[in-house]
**Student:** 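Below are the structure tokens for one structure; questions will follow.
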Amino acid sequence: MDPNGGSSSAGAADGASDPAAARRRHSKKPKYSRFTQQELPACKPILTPGWVISSFIFVGIIFIPIGLASLFASERVVEIVHRYDTDCVPASYRNDMLAYIQSNETNKTCTRTFLVPKQMKSPVYIYYQLDNFYQNHRRYVKSRSDKQLRSRASENDTSSCDPEDVTSNKSAIVPCGLIAWSLFNDTYGFSVNNTLLGVSKKNIAWKSDQQHKFGSDVYPKNFQSGGLIGGAKLNSSIPLSQQVDLIVWMRTAALPTFRKLYGKIEVDLEANTELTVVIENNYNTYSFGGKKKLVLSTTSWIGGKNDFLGIAYITLGGLSLFLAISFLLIYIIKPRPLGDPTFLSWNRNPAGHFNFN
Amino acid sequence: MKRYVYINDDELSQELYCDNRISNRKYTLLNFLPKNLWEQFSRFMNQYFLLIACLQLWPLITPVNPASTWGPLIFIFAVSATKEAWDDYNRYLSDKKANEKEVWVVRQGIKKHIQAQDICVGNVVWLRENEEVPCDLVLIGTSDPQGVCYVETAALDGETDLKTRVIPSACMGIDFELLHKMKGVIECPIPDKDIRRFDANLRLFPPFIDNDFCPLTIKNTILQSCYLRNTEWVCGVAVYTGNETKLGMSRGIPEPKLTAVDAMIDKLTGAIFVFQIVVVIVLGIAGNVWKDTEAVKQWYVLYPKKGPWYELLVIPLRFELLCSIMIPISIKVSLDLVKSLYAKFIDWDNQMIDQETSTPSHATNTAISEDLGQVEYILTDKTGTLTENIMIFRRCCIGGIFYGNESGDALKDVELLNAVSSGSPDVIQFLTVMALCNTVIPVKSKTGAISYKAQSQDEDALVQAAARLHMVFVNKNANTLEINFNASIIQYEVLDTLEFTSDRKRMSVVVKDCQNGKIFLLSKGADEAIIPYACAGQQTRTFTEAVEQYSQLGLRTLCLAWRELKEDEYRDWSLMFKEANSTLVDREWRLAEVCQRLEHDLEILGVTAIEDRLQDGVPETIETLRKAGINFWMLTGDKQNTAIQIALSCNFISPEPKGQLLLINGKTEDEVGRSLDRVLLTMRITTSEPKDVAFVIDGWALEIALKHYRKAFTDLAILSRTALCCRVTPSQKAQLVEILKSCDYRTLAIGDGGNDVRMIQQADIGVGISGREGLQAARAADYSIGKFRFLKRLILVHGRYSYNRTAFLSQYSFYKSLLICFIQIFFSFISGVSGTSLFNSVSLMAYNVFYTSIPVLVSVLDKDLSEKTVMQHPQILFYCQAGRLLNPSTFAGWFGRSLFHAIVVFVISIHAYAYEKSEMEEVSMVALSGCIWLQAFVVTIETNSFTVLQHLAIWGNLAAFYIINWILSAVPASGLYTIMFRLCKQPSYWITMFLIVVTGMGPVLAIKYFRYTYRPSKINTLQQAERLGGPILSLGNIEPQPRSIEKDVSPLSITLPKNRNPVYEPLLSDSPNSTRKSFGSATTFDFFPSQSRLSSSYSRNCKDN
């Protein structure tokens, strides 16, 4: 196809007498390119049975092994979940757990023992899990001041921290805001056969947070000094960048059920070891019926114990294969030629009239 | 209501009328910002976005940083404001150039060089050859001793021929030295935009001759923006200046047209808005309930016991802001962008360049390309639109003798040549009328060859033909015409010209033979305007037959007649004519009446037949477009028979037995009414038969039908796929468009001349053919094309693609906005219904403006079917016409898809990232990545053809998403610090992504495949056929059928009047009984009241397959 062919002959007729005019006319014409003519080379895939069926088979073949691998990895993770919120309340207070937790007189220490079901290779991660705790509540999640946490200079930058921004005498709280104020304050001590197990707090917070989000020159100030005590207190001689529990807590969770890293046990725990935990049960989840769980877990390439991905992959792989097979069967039983012109109603009715019957 | 212009009076008129400053600007420097903002905010969408943006300034309720709305909003406003400002600046520059041009003007009796903008009404302006006229002037002097000058009016009406302008008789002979001392008064109407009329009077004050009124017409004026040609100088009095000139008054920004697609998008936006309000109310109530029951127990939230008075509103307003992204802020910008690209594709299209004149097609209106794909009715002009508008003299009948019937060309007919050389008086008189009765100007070139400048192509053809028959019109010198007949020069003096109007349908000249002083009236015109005025006793039967025979051949006929006038008869009449010429009120009507008094008792000399050939490809184009389900109406000023013949030859109507013509005629109300009822009845009977039924109506009957039987006629318009309207006026054309539009049809009007302008402006889409009748139509139109056959490509290729692309783009825009919005809503259920945003401000803004906009913009390159396939199967246009790709049900599909995808992304994200991984930023980024991945695959699966650009945009965008987020993750101050690096290192992140993609796309693919294979739409079937290269391409193929009038006409001979084309008689049957008889099987009596019913039954039909 030569789009210029016609015009050059037409241009020759009058172009001879007036070349300038011919050039002017020519310039009016748009320049030819494949883009302007919408003629860029294009591939036009269509959904042929072969293509679709094989892609479903492909998905099935890929997904089932991945699913098995994930499930296997997840199964290999040894996880101990121990709920202690009610068990750690003395029987006499079971009817009014809120009074127990809010009282200063009650003994909060509680000792629990459990067996290690399988060998747990170090490091064994210690988590605390809170249920029904809305760290993602809008009022809560916004109540912090990143600037204040980062540097001492912005100590008074507490405008976003309402209602835990300043003390009654208007001096800034460091760290301010609801999140810091409600810092989790249960503690755990582990022992095996009456020997204490060390709980390492090293590297439990993100290094990036310690380096860039929490200042090494920012020290806690006026914290938990108001009338209402929320959660844990902080040692005001340690800078925020070293307050790893706070840093972990300040990484708010997106879900109302979440686990946060408490520490690590850096020795292997053999199977059937009896583990004794001494829990300081301070944190109030009783007012809203939240659960508290202690979780000990090893890890794998996929993370902690989570069967979801594995099961989802296997299910999806199976469904893909099923779909592929059913499509194949339908294709074999009831073949349907693609692009059959008889499907065009106007071909059946050559007059170009629509068929009204 | 009149304006008095005092010539050369410097003081008087200065304050009264505006100066000559031309201003096309919409804004000034000061009012630009407020005015532009006001205009932008008069759109509902913008008001909505502004309200949202303002609400976001309230930190208590805003879920995200206000910048996420303000940023895009300001960007969008800035883009359209910049565009407006740029356009306005260009207008300012061109105005400035025109305003500051220097012209010679008489001031205080002295000629001065001043800027054009300082010209006042009443000033005398001097112009030289090839200068542009700065304002509307009444001529008072020219360099030509006869007082004639020539102007080119192309800028005004697009006509490229030179027009003669003369100075008023009162100014004749005034010495040019005295011109700038001249005093007088011009009484003229207040400014209007009619460039063909100027009914004014001039009275000069003493000492300049008489006290009499001298009539002025448009012939005595030169209008702004014309060019002076072939005249050394002219001088004139400014009567209208600045924006009050004829050109200035006819300017104006046309009303923006809204396409059906835009209307549908607005409707869907409204629906989404309602949905959003419902969601907000439900979540608002739920949020308040949760707060009162649950949140008070959550001690760490520290809800105050008693909140402020607006407490109840806070949560609903938060959700309003959270859900505000449901209505995509980017949709208007994206649509504007792609629409201008559609228009550019039309401009660029090499296959729509008229090779003869190298004129490319042009889309003046860039906003309505989608409508092209939804056209249901095409109303077309005939002359110049379907035909080439090159008139060739083919046959004639002189004094009862037919010439040119054998050879098809009278100029080669030996008998005629013999008659000319033997000097047969009839023939010579005939030729004299042909050569003289016109307004043609002969122009002699240096080599001595004579060319003719004619306003009417018919006149040109007649003069050319006369010249070929040795009656050469050599020279026109003011009022003297010179004719060279057989080497002898004959001179005539033109006494009066009785001009052609569309009401009179004839024109005459009164000439005086300079040799013997005899005065003749020479007339030519349509048969019904001449034959009834034949002198008593003359046999007119042969002429009537000749007219009929010629028009059956599709030729244009003119009757020529003459009469010798007696000296005193002429003198009496001349006085009346002069008087009528100087009236200010109803001049046209008075003139017609006076002319009537002279044009009677004519001796009819003969009939000319002029051929106007069909343009190339017209029959194929019409056939293709009719197959595409588009109904055609032909509106023409021509005679019924000519129109029917042309219609037959260009596939407009089918010959018997396939086609049937129903005639509506009558001269009185009753007759027309009865005729209309009969036709309606026939139509209803025959709708059930596969048959082309068309009705024919002439201007007179149409006038009555429109006035008294509007409803019946509307019914008829709905029923009839084809119609021929003959002898219609421009306003009737516009009325017909109006009627079809009132029935909710998408109409396209196509025409080439000034008489089509109103119809073009009235229709949903106006297409102008930049043809020989000037550019007037092309200028008024939304699209201008060089040839009628490009219409096929314009509609089937550009219109169809535009519709498909916009349908996808707009629905996709809603899909992606809804997707992210649904995720936010789901998240609110696990965040205590408190209105927390899962996504951070940066991600939200980038998602809407960047990540999801770019891939979809390349859908402007998508082609579902190749151009060739569409041309072979024009029926596929039905999907666009019926709006199958963008309607509430397709939208519901997209809505469902976004809901499904939102569930997939949300559920997978929160389960895969549960417990110790449930860190807010990470979960948010996982969900966002999921959305991005899904949207890339959604665009992929919805794209029919992939070019390099599409791959680049889709996969490049996915890559860009990661790159941008890596960059953001490297900035310590950002909330996203290290997040993306962390995620990319986790195998579970990638596993989650694949899971989301497969879960989201698997069902979509499966359903699509199933429908594609087992319930294919016609488009799918053609796609399959196209790509598998099956036999379909040969099926339903339209064989080119080269048909021209000549081919059909050649076997017809002179015996035709008695032995008519057998097709012809029954074609015009108008009684329902006759049809029933001929088609005995009229049993299925079904009445389809509208095209929509037709479409729905068609669609039912489609589903059955």
Side-chain angles (χ1 to χ4, degrees), chain A residues 3 6-7 10 25 28-30 32 36-38 40 42-44 46-47 49 52 59 127 134 136-141 163 178 182 208 212 251-256 258-259 284 287-288 301-304 306 308-309 312 316 323 336 338-339 341 343-347 351-356, chain B residues 297-302 345 347-348 350 353 355-356 358 360 627 690 830-832 834-836 875 910-912 915-920 923 944-947 972 977-978 987-988 991 995 998-999 1006 1008-1009 1012-1014 1016 1018 1021 1023-1025 1027-1028 1030 1032 1035-1036 1097-1098 1101-1102 1105:
Chain A
S7 75
R25 275 181 183 180
K28 261 202 298 183
K29 274 176 59 174
Y32 175 84
T36 60
Q37 300 307 308
Q38 308 189 57
L40 286 173
C43 81
K44 299 176 163 188
I46 55 166
L47 298 174
V52 172
V59 165
Y127 300 98
Y134 289 88
N136 55 14
H137 193 280
R138 196 194 129 89
R139 203 178 146 79
Y140 185 81
V141 83
L178 287 174
S182 61
S208 59
H212 294 284
R251 278 274 157 204
T252 50
L255 308 175
F258 58 90
R259 289 175 186 173
N284 177 10
S287 67
F288 52 88
W301 60 270
I302 201 167
N306 189 346
F308 173 78
L309 283 177
L316 212 61
L323 267 179
R336 182 113 185 190
L338 286 181
F343 298 140
L344 296 173
S345 63
W346 57 78
N347 272 350
H353 281 272
F354 302 135
N355 191 355
F356 296 117
Chain B
K297 294 189 219 152
Q298 313 273 2
W299 56 270
Y300 50 90
V301 179
L302 268 188
F345 279 138
D347 292 358
W348 286 332
N350 262 326
I353 297 174
Q355 304 288 14
E356 281 165 38
S358 294
K627 269 195 182 171
I830 60 160
S831 64
S834 56
T836 320
Q875 291 93 333
I910 66 167
H911 280 98
Y915 301 123
E916 74 278 4
K917 287 185 190 159
S918 71
E919 202 275 321
M920 187 83 163
V923 173
N944 296 294
S945 66
F946 293 92
T947 65
Y977 183 51
T978 69
S988 58
I991 290 181
L995 186 64
V998 171
T999 323
K1008 199 172 154 129
Y1009 164 75
Y1012 193 81
T1013 316
Y1014 296 98
K1018 304 284 175 290
T1021 310
Q1023 279 174 337
Q1024 294 158 2
R1027 268 143 246 180
L1028 301 176
I1032 194 167
L1035 265 169
S1097 60
Y1098 174 49
N1101 191 30
C1102 298
N1105 301 324

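Values below: every heavy atom of this structure, side chains too, minus hydrogens, waters and symmetry copies. We name chains A, B, ... by the order of the sequence lines, and we start the count at 1 in each one.
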**Student:** For B:Gln298 versus A:Tyr134, what's the shortest heavy-atom pair and its separation?
**Tutor:**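 Nearest heavy atoms, B:Gln298 then A:Tyr134: NE2-CD1, 3.5 Å.
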
**Student:** For the atom pair NE2 (B:His911) and CG (A:Leu255), what is the distance rounded to the nearest 0.5 Å?
**Tutor:**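 It is 9.0 Å, given to the nearest 0.5 Å.
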
**Student:** What residues form a side chain to side chain contact (heavy atoms under 4.5 Å, CB included) with B:Glu916, not counting sequence neighbours?
**Tutor:**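 Per chain and number, B:Glu916 pairs via side chain to side chain contact (heavy atoms under 4.5 Å, CB included) with A:Tyr127, A:Arg259.
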
**Student:** B:Gln1024 side chain to A:Ile46 main-chain N or O, any donor-acceptor pair under 3.5 Å?
**Tutor:**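 No: the side chain of B:Gln1024 does not pair with the backbone of A:Ile46.
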
**Student:** Taking the inter-plane angle between the rings of A:His212 and B:Tyr977 on a 0 to 90° scale, is it parallel (under 30°), tilted (30 to 60°) or perpendicular (over 60°)?
**Tutor:**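 Ring orientation, 0 to 90° scale: perpendicular.
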
**Student:** Which bit of B:Lys917 is near chain A, if near means a heavy-atom gap under 4.5 Å: side chain, backbone, both or neither?
**Tutor:**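 For B:Lys917, the contact with chain A is made by the side chain alone.
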
**Student:** Who among A:Ser287, A:Pro163, A:Ser182 has the most heavy-atom pairs with chain B under 4.5 Å?
**Tutor:**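 With the most close heavy-atom pairs to chain B, the winner is A:Ser287.
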
**Student:** Look up atom CG in A:Leu47 and atom OG1 in B:Thr1013, then write down how far apart they are to the nearest 0.5 Å.
**Tutor:**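 Going from CG on A:Leu47 over to OG1 on B:Thr1013, the span is 7.0 Å.
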
**Student:** I'd like to know which of B:Phe946, B:Tyr300, B:Phe345 tops the heavy-atom pair count under 4.5 Å against chain A.
**Tutor:**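 Heavy-atom pair counts peak at B:Tyr300.
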
**Student:** Is it true that a side-chain atom of A:Arg138 and a backbone atom of B:Ser834 form a donor plus acceptor pair closer than 3.5 Å?
**Tutor:**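 No; judged by distance alone, with no hydrogens or angles, the pair does not exist.
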
**Student:** Can you list everything that forms a side chain to side chain contact (heavy atoms under 4.5 Å, CB included) with B:Ile991? Sequence neighbours excluded, please.
**Tutor:**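 Side chain to side chain contact (heavy atoms under 4.5 Å, CB included) list for B:Ile991, sorted by chain: A:Ile66, A:Ser70, A:Trp301, A:Leu309, A:Tyr313.
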
**Student:** Do the non-hydrogen side-chain atoms of A:Phe308 and B:Leu995 ever get within less than 4.5 Å of each other?
**Tutor:**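 When only atoms from C-beta onward are counted, B:Leu995 and A:Phe308 do touch, with a gap below 4.5 Å.
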
**Student:** Do B:Thr836 side-chain atoms and A:Asn136 backbone N/O form a donor-acceptor pair below 3.5 Å?
**Tutor:**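 Checking the backbone N and O of A:Asn136 against the side chain of B:Thr836, a donor-acceptor pair under 3.5 Å is found.
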
**Student:** Need one label for A:Phe258: side chain, backbone, both or neither, based on atoms under 4.5 Å from any heavy atom in chain B.
**Tutor:**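 Looking at A:Phe258, backbone and side chain both touch chain B.
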
**Student:** So what's closer than 4.5 Å to chain B heavy atoms on A:Leu323: side chain, backbone, both or neither?
**Tutor:**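 Only the side chain of A:Leu323 comes within 4.5 Å of chain B.
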
**Student:** Any chance OH of B:Tyr915 has more than 12 other-residue heavy atoms, nucleotides or ligands included, within less than 6.0 Å?
**Tutor:**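 Not buried by this count: 12 neighbours or fewer within 6.0 Å.
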
**Student:** Less than 4.5 Å to any heavy atom of chain A: does that hold for the side chain of B:Thr978, its backbone, both, or neither?
**Tutor:**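 Side chain only.
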
**Student:** Supply the atom-to-atom distance B:Asn350 CG to A:Thr36 OG1, rounded to the nearest 0.5 angstrom.
**Tutor:**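 If we round to the nearest 0.5 Å, B:Asn350:CG and A:Thr36:OG1 are 6.5 Å apart.
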
**Student:** What part of B:Val923 gets within 4.5 angstrom of chain A, counting heavy atoms only: side chain, backbone, both, or neither?
**Tutor:**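 The answer is the side chain of B:Val923.
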
**Student:** Could you look at A:Leu316 and say if it's the side chain, the backbone, both or neither that has a heavy atom under 4.5 Å from chain B?
**Tutor:**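 Just its side chain gets close to chain B.
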
**Student:** Can you name the nearest heavy-atom pair linking B:Ile830 to A:Pro256, along with the distance?
**Tutor:**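 Nearest pair, atom of B:Ile830 first, then A:Pro256: O-CD, 3.4 Å.
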
**Student:** Hey, does A:Asn284 have a side-chain heavy atom less than 4.5 Å from the side chain of B:Trp299?
**Tutor:**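 B:Trp299 reaches A:Asn284 side chain to side chain.
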
